[in-house]
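Below, each value reflects all heavy atoms present in this structure, side chains not excepted, and no hydrogens, waters or symmetry copies.
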Amino acid sequence: MRLVVAKCSVDYEGRLRAHLPLATRLIMVKADGSVLIHSDGGSYKPLNWMNPPLVLREASPDEDAAALGALSVWHVTSAKTDDKLTINFHSIEHDSAHELGVDPGLIKDGVEADLQRLLSEQIGLLGDGHRLVRREYMTAIGPVDILARDGQGAAVAVELKRRGDIDGVEQLTRYLELLNRDPLLKPVTGVFAAQQIKPQARTLAEDRGIRCLTLDYDAMRGVDDSEGRLF
């Protein structure tokens, strides 16, 4: 992984145009080729990013950028789409590379792991005609909990949480953005499944076309409901 702390401006061109004015930021280049631009805030979410496959080319700035003080520029272009990032560097405070090795991946707590297993075994909870494709379907930014097909054969990505909040919806949104770039999968719809889903998360999910599913963990495990018994 390469880490660069620099004063820079960033321009994105693709499905839309976006501009990050001059400021000090962290640029990460991961071993898989992805490029992420972070500020000193906003939790884990980058300000902008490009996913592999892509090409990163370092060059001298053009006359206009040089006149504004740029010393070097990165041209980051997607190998599959017209997406492009242009990063103009005005000063570099830190530039280092680190070998992180093979990551063992996220180990979920018992309840989330059980929910994933149980839902994969009871995939009909998603709706009639659904069938499991696989658990932990890998993407460039991590595994989708469950990938399924609905009754019409369309792909469905499921993100599972014990308690569903806005961060979970954002996570599923990023997965869907990647999956829908795959011509063998698209169109891919999303299901946000949890034991409890916060109202704000439900509103955001539904606004993005993501279906919400509340799971009854005890019922899925076949646990007897003591409140429903007379004795």
Query raised in the report: For the atom pair OG1 (T139) and CG (N51), what is the distance rounded to the nearest 0.5 Å?
Result: 8.0 Å
Show which side-chain atoms of residues 183-196 pair as donor or acceptor with protein atoms under 3.5 Å away, not counting sequence neighbours.
none

Query raised in the report: Among V76, T77, D83, which residue meets the side-chain contact (heavy atoms from CB on, under 4.5 Å) test with L54?
Result: V76
Query raised in the report: Roughly how far, to the nearest 0.5 Å, is the CZ atom of R135 from the CZ atom of R117?
Result: 7.5 Å
Report task. Kindly check if the number of other-residue, nucleotide or ligand heavy atoms within 6.0 Å of CD (E63) is above 12? Result -> no
Query raised in the report: Can you tell me how far the CD1 atom of I37 sits from the CG atom of L20, to the nearest 0.5 Å?
Result: 6.5 Å
Requested in this report: For L56 and W74, run side chain to side chain contact (heavy atoms under 4.5 Å, CB included): C-alpha distance rounded to whole Å, both residues' side-chain angles, the deciding distance at 0.1 Å, then the answer.
Outcome: CA-CA 7 Å; L56 191 161; W74 286 7; 3.8 Å; yes
Query raised in the report: Could you give the distance from CG (L215) to CG (L160), rounded to the nearest 0.5 Å?
Result: 6.5 Å
Requested in this report: Any salt bridge (Lys or Arg N to Asp or Glu O under 4.0 Å) involving residues 194-206? Give me the pairs, sequence neighbours left out, ordered by first then second residue.
Outcome: none
Query raised in the report: Are R208 and E170 within salt-bridge range, i.e. N to O under 4.0 Å?
Result: yes
Query raised in the report: Going through the checks in order, is the side chain to side chain contact (heavy atoms under 4.5 Å, CB included) test met by D150 and L126?
Result: CA-CA 8 Å; D150 64 19; L126 295 178; over 6 Å; no
Report summary line: When every non-hydrogen atom of S120 is compared with those of I146, the smallest separation belongs to N-CD1, 3.8 Å
Report summary line: Taking every heavy atom of G168 against every heavy atom of K161, the minimum-distance pair comes out as CA-CE, 4.1 Å
Requested in this report: Working to the nearest 0.5 Å, report the span between CD of E136 and CG of D145.
Outcome: 6.0 Å
Query raised in the report: Rounded to the nearest 0.5 Å, how far apart are CD of Q171 and NZ of K45?
Result: 12.5 Å
Query raised in the report: C8 and I87: which non-hydrogen atoms are nearest, and at how many Å?
Result: CB-CG2, 4.0 Å
Requested in this report: Could you list the residues that satisfy salt bridge (Lys or Arg N to Asp or Glu O under 4.0 Å) with R163, not counting sequence neighbours?
Outcome: none
